[in-house]
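First the proteins, then the strands, lettered A, B, ... as listed; each starts at 1.
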Amino acid sequence: MNLLEFARGPGLQAASLIMIAGIFWRVCGIFMLRRRPQRAQARHPLSARLAGGAALIATRFIPRRAFWTRIGTSVVLSTAFHIGLMLILFGGAPHILLIHQITGISWPDLPKGIVVLASGITLASLLALLLRRIRHPVMRLLSTTDDYLSWAMVFLPVLTGVLLSGETVADYGTLLALHILSVELMMIWLPFGKLMHGALVFAGRGAMGINFTRKGAAT
Amino acid sequence: MNDQPPKLGTVPSKEQVGRAMRGFMTDFGPTAALAMESCVHCGRCAEACQFYVQTSDPRYTPIHKIQPFRQAYNREAGPFAFIYRLFGFAPSVTATELEGWQDLIYDSCNMCGRCSLICPMGIDIADLIEQARHGMFEAGLAPSDYLGTLAEKEHATGSPFGLTVPQFQQALHDIGRQHGVVMHVDEAKADIVPTISSIDLKTYPGSMAAIAKILNHMGASWTFRTDGFDADNVSLTAGDRVGQAAITRGIVDAAIACRATTLLMPECGHSFTEMRWEAANVYGKDLPFRVMQITELLAEGLADGRIRVNKVTQSATYHDACQVSRRGGATAAPRASLQALGVDLHEMEDSGDSNWCCGGGGGVALINRAKSLRAKAFEIKQHQIEATGAPTVYTSCSGCRQTLDHGGKATAWTKSVGSLLELVADNLAVDNPTAAKPKD
Amino acid sequence: MNNARGPDDETLGEMLARRGFGRRSLLKFAIAMTSSLALPPLVAPAMAANLAKARRRSVIWLSFQECTGCLETLLRSSTPTISALIFDFISLDYQEALMASAGSAATRTLHEAIATNKGEYLLAIDGSVPVADGGVYSMTGGQSNHAMLVDIAANAKAILAIGTCAAYGGIPKAHPNPTGAVGVEDVITDKPIVNIPGCPPIPDVLSGVLVHFIAFGKLPELDDRKRPLAYFGTTIHDQCYRRPFYDQGKFAKSFDDEGARLGWCLFELGCKGPITHNACASLKWNGGTSFPIESGHGCLGCSEPDFWDKGGFYTSLAGGSGTGWRPAAVAAGIGVVGGSIAALTARNRARPDTPPASVPAAAALPPPAGTSP
């Protein structure tokens with residue numbers, strides 16, 4: 001069995017199962033903890049609170065005006081990275097194909113040139129973000145192994161993906177194997193590190209939105 | 001209660017860590033868990049915090065301040081806690097380290113909530129700080145000079161200054177006489193029960209007179225209750241969970257005892273948050289009365305005509321108390337009063353929900369060694385206020401008022417600081433048919 | 001051609017002349033072959049001269065666990081070309097499907113051929129070699145193919161493993177491989193082997209290898225899988241005429257849809273072109289008529305090892321074999337159970353005697369003077 005066959009076969013199966021088990025474990029471990037009931041009279045009814053939760057998921061993407069001067073760079077870089085990544089994942093033909101093969105759903109893809117451009121922006125912003133993490137005093141204090149590992153787990157798939165789409169650095173089979181393997185590594189690490197924020201962000205923002213709308217507090 | 005919090009500074013180190021951990025543990029519910037699982041170390045919370053912004057010290061990064069709390073969570077209650085314990089990740093802190101965290105969890109956090117607003121993951125960091133203080137307090141690590149000392153006194157006597165009920169009663173009657181207002185004290189039944197912060201008792205007695213004046217003007221049935229009077233709840237900011245609940249319960253019981261329909265919170269931040277949003281949990285069920293902050297009552301009264309004011313000719317700016325506006329949901333209410341009074345309002349840049357904390361909130365004003373940090377935070381307020389060009393800044397929180405007063409004195413600025421409540425009380429329209437006639 | 005030489009020892013040049021192909025034709029053929037073999041053009045005259053002088057080569061052809069497709073494809077040449085005549089020219093001393101004799105007579109022929117051409121014959125194999133259970137799954141005349149191979153390879157000059165079965169085990173080797181099928185290279189390790197994979201291989205590839213061997217007495221340059229580099233050095237993807245559509249992102253989404261009818265790339269329909277080395281896209285089949293992709297079906301990757309076990313012909317390279325819903329559900333269940341246990345056993349109750357937030361009523365505080373409790 002060569003590397004590509006492993007990546008497309010047992011490697012993919014193992015990574016998928018570990019990722020699924022890990023995500024469910026972590027989510028249940030959080031939400032099954034004993035909860036204290038909130039008995040204070042809410043300012044707004046439940047429907048408004050749920051709407052507030054949903055709203056905060058959207059509005060948190062754009063910081064308040066008061067914060068812009070201090071976090072503008074961070075917002076631009078991380079937005080560029082995330083949008084670039086989303087364009088690649090949901091606009092790139094081979095990824096849409098993968099989703100189609102799993103779920104049966106598909107949608108039109110973006111032209112390859114746009115996806116390659118998005119990849120370039122993604123890689124550049126990833127590198128800029130890493131530089132920031134290494135140099136900024138706050139980031140240096142906060143950062144752990146997980147931060148750097150998670151960074152690598154995202155950088156490698158994007159890098160190998162770009163090389164694969166160019167098809168020149170090595171032969172197609174090797175590049176494809178490396179790309180799929182790098183994604184599998186990311187899948188295995190995902191439930192246990194900060195990459196989980198891809199799922200938790202919705203829960204966290206939603207919970208804050210519901211809770212703060214209950215109080216009429218600023219969101 | 002068979003497990004009193006330790007006298008400050010008297011717990012042996014070994015036991016300290018254990019007590020801190022046990023204190024942390026009771027707060028690990030799904031909200032705190034989600035918060036601590038979500039941080040992606042983006043560093044934005046630092047940029048919202050006045051202490052980081054003014055010092056550039058990365059230790060003041062808000063999410064960093066709760067590190068021992070988070071570490072305890074990972075070890076004891078996280079989804080993979082058994083792995084953390086098995087492989088020794090997130091080792092237990094030492095007592096010395098915990099003491100080192102004191103200034104991060106107390107001195108340099110107002111629990112103002114700006115960090116919670118900026119966090120892209122929706123983590124309520126301010127709330128985590130409040131919870132982290134529980135464990136610190138139980139380990140005897142609340143700063144003793146003098147937040148911790150006040151909390152101890154409040155726990156023991158019900159008042160942070162150890163004032164007794166007769167002293168409260170006397171003070172209220174004295175204030176009534178001095179200001180020529182009818183005072184209702186300890187009556188058996190009333191619709192509205194106002195409460196007071198101990199800062200007012202000590203420093204701004206006029207605000208108690210102002211409350212009386214306004215409630216009389218409205219023709220309301222009201223009474224102070226000396227069995228549920230001091231809403232300051234220093235225990236809350238010190239992290240004394242048990243003391244906090246006792247004070248809260250006392251106020252609830254007093255309001256219930258006189259069958260009140262409204263509990264009126266004074267010009268104060270945390271007392272409003274506590275009674276409005278926590279008291280029902282302490283009581284164990286729905287409260288049988290509304291809880292309103294004084295500005296909310298003023299806004300309602302001005303809207304339905306029970307309160308009538310004359311216009312003033314002055315220009316001013318307004319400082320929002322963090323717990324009332326951003327955290328408590330009463331941002332619009334004070335502006336209704338200002339508008340009714342016809343104040344020429346010059347809003348600050350970053351006003352309302354985005355406002356900067358005065359630097360004294362969350363108990364920081366009660367920590368002597370934090371004075372220089374507070375001064376740095378105050379610089380932001382100074383610039384904010386001066387940039388409006390207004391000669392006066394009004395606020396509706398005695399803690400902010402005191403901090404602004406002290407900060408102004410220290411910098412010898414020319415602004416005056418005023419209470420919105422007293423401004424309204426001083427400008428009531430005398431021909432209000434509903435006003436009560438003074439007795440006596 | 002004055003010497004009285006019989007058909008058995010005439011040179012290739014003489015045989016061709018007899019059939020009406022003169023020196024010029026041979027030179028033209030050599031130029032074409034040189035190009036096909038990716039050799040430098042200057043080699044062509046030398047190749048022509050050598051071919052003219054060449055003597056008949058003995059070829060022993062053994063068919064093992066095969067479907068006979070490789071042989072059929074090699075024989076199906078529509079017009080007599082010099083390639084076909086070269087097949088005529090080799091002395092196919094033993095081939096079970098084609099030879100007239102059978103049974104013990106055939107076996108005798110085999111042994112005579114081996115004895116006569118010891119050390120000089122080419123051994124051509126098609127079909128895989130089953131080795132399980134003592135090799136009983138394919139036997140000829142009481143002897144297992146495995147034993148035959150070992151025996152006869154011993155005196156061969158070189159071995160041509162024709163077709164994917166002989167090269168890498170092919171279809172019989174597909175999971176679960178009940179016969180223990182393997183390729184020739186897994187059995188014989190001490191002789192030069194040329195793999196000419198494909199299911200079946202392109203006929204021109206075999207003729208190219210033979211021409212090279214006849215002309216120069218050695219095998220052409222091979223890649224790391226022992227395939228002639230000239231024919232297997234690039235992938236289908238690299239030579240495919242539909243490549244521009246791949247680059248433009250124009251893919252057929254299902255068979256016979258609009259994109260398919262416009263001749264768009266078949267990547268999404270499972271084409272394995274990018275990872276398949278062969279000459280189909282350039283040489284094509286049936287005398288250059290067409291090849292699978294041109295006919296609208298993705299490449300199966302049939303010249304690569306284990307092509308049958310690569311997760312499905314219609315599963316594109318952008319996917320693989322997933323987990324299936326049941327194992328995924330089991331994994332999710334493990335997660336739910338584990339996480340819930342973690343939450344329920346979480347140490348988030350500090351002391352049983354300290355309630356979280358509710359405390360006894362304010363009886364601890366002195367009752368206010370002048371009020372009833």
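- Applying a 4.5 Å heavy-atom cutoff, the residues of residues 197-204 of chain A that approach chain B are A/His197, A/Leu200, A/Val201, A/Ala203, A/Gly204.
- Your options are A/Ala66, A/Ala42, A/Ser150, and the one with the most heavy-atom pairs under 4.5 Å with chain B is A/Ala66.
- Counting heavy-atom pairs under 4.5 Å between each of B/Arg114, B/Met121, B/Lys285 and chain A puts B/Met121 at the top.
- In this structure, OG1 in B/Thr31 is found 11.0 Å from CD1 in A/Ile30, a value given to the nearest 0.5 Å.
- Taking the side chain as every heavy atom from C-beta outward, A/Arg43 and B/Arg276 approach each other to under 4.5 Å.
- The closest side-chain heavy-atom distance from A/Met139 to B/His41 is not below 4.5 Å.
- Comment: B/Glu349 does not engage A/Arg65 in a salt bridge, judged by the lack of any side-chain N to carboxylate O separation of less than 4.0 angstrom.
- Taken from CZ in A/Phe67 to CZ in B/Arg44, the straight-line distance is 11.0 Å, to the nearest 0.5 Å.
- Taking chain A as the reference chain and counting heavy-atom pairs below 4.5 Å, the highest number among B/Ala46, B/Ala77, B/Gly43, B/Pro120 is found for B/Pro120.
- Residues B/Leu287 and A/Gln41 form no side-chain contact, since every pair of their non-hydrogen atoms from C-beta on lies 4.5 Å or further apart.
- The choice from B/Cys119, B/Ala48, B/Gly352 that makes the most heavy-atom pairs within less than 4.5 Å of chain A is B/Cys119.
- Pairs of residues two or more places apart, or lying in two chains, never qualify as salt bridge (charged side-chain N to carboxylate O under 4.0 Å, His left out) while including a residue from residues 61-73 of chain B.
- Interface remark: A/Pro137 contributes backbone and side-chain atoms alike to the contact with chain B (heavy atom separation under 4.5 Å).
- Shortest non-hydrogen contact noted between B/Val40 and A/Arg133 is O-NH2, 3.5 Å.
- Only the side chain of B/Thr61 comes within contact range of chain A, with heavy atoms under 4.5 Å apart.
- The residue among B/Ala32, B/Ser116, B/Ala330, B/Ala33 with the most heavy atom pairs within less than 4.5 Å of chain A is B/Ser116.
- Residues of residues 206-219 of chain A lying within less than 4.5 angstrom of chain B, judged on heavy atoms, are A/Ala207, A/Met208, A/Phe212, A/Arg214, A/Lys215, A/Gly216, A/Ala217, A/Ala218, A/Thr219 in numerical order.
- Counting only heavy atoms from C-beta outward, the side chains of A/Arg26 and B/Phe80 approach each other to under 4.5 Å.
- Rounding to the nearest 0.5 angstrom, the gap separating the CD atom in B/Glu37 from the NZ atom in A/Lys194 is 14.5 Å.
- Annotation: side chain of B/Ser38 is not in contact with side chain of A/Arg205 (no heavy-atom distance under 4.5 Å).
- A/Trp25 places a side-chain N or O within 3.5 Å of a backbone atom of B/Pro79 that can act as its donor or acceptor partner.
- Distance check: A/Thr145 OG1 to B/Phe89 CZ gives 9.5 Å after rounding to the nearest 0.5 Å.
- Side-chain contact between B/Ile118 and A/Arg64 is absent, with no heavy-atom pair separated by less than 4.5 Å.
- With a 4.5 angstrom heavy-atom cutoff, A/Val75 touches chain B via backbone and side-chain atoms both.
- Proximity of a side-chain donor or acceptor of A/Arg60 to a complementary backbone N or O of B/Leu117 within less than 3.5 Å is detected.
- Heavy-atom distances place the backbone of B/Phe28, and not its side chain, under 4.5 Å from chain A.
- A/Val138 pairs in a side-chain contact (heavy atoms from CB on, under 4.5 Å) with only one of the listed residues (B/Pro58, B/Cys45, B/Ser56, B/Cys42), which is B/Pro58.
- Within residues 15-23 of chain A, the residues having any heavy atom closer than 4.5 Å to a heavy atom of chain B are A/Gly22, listed by residue number.
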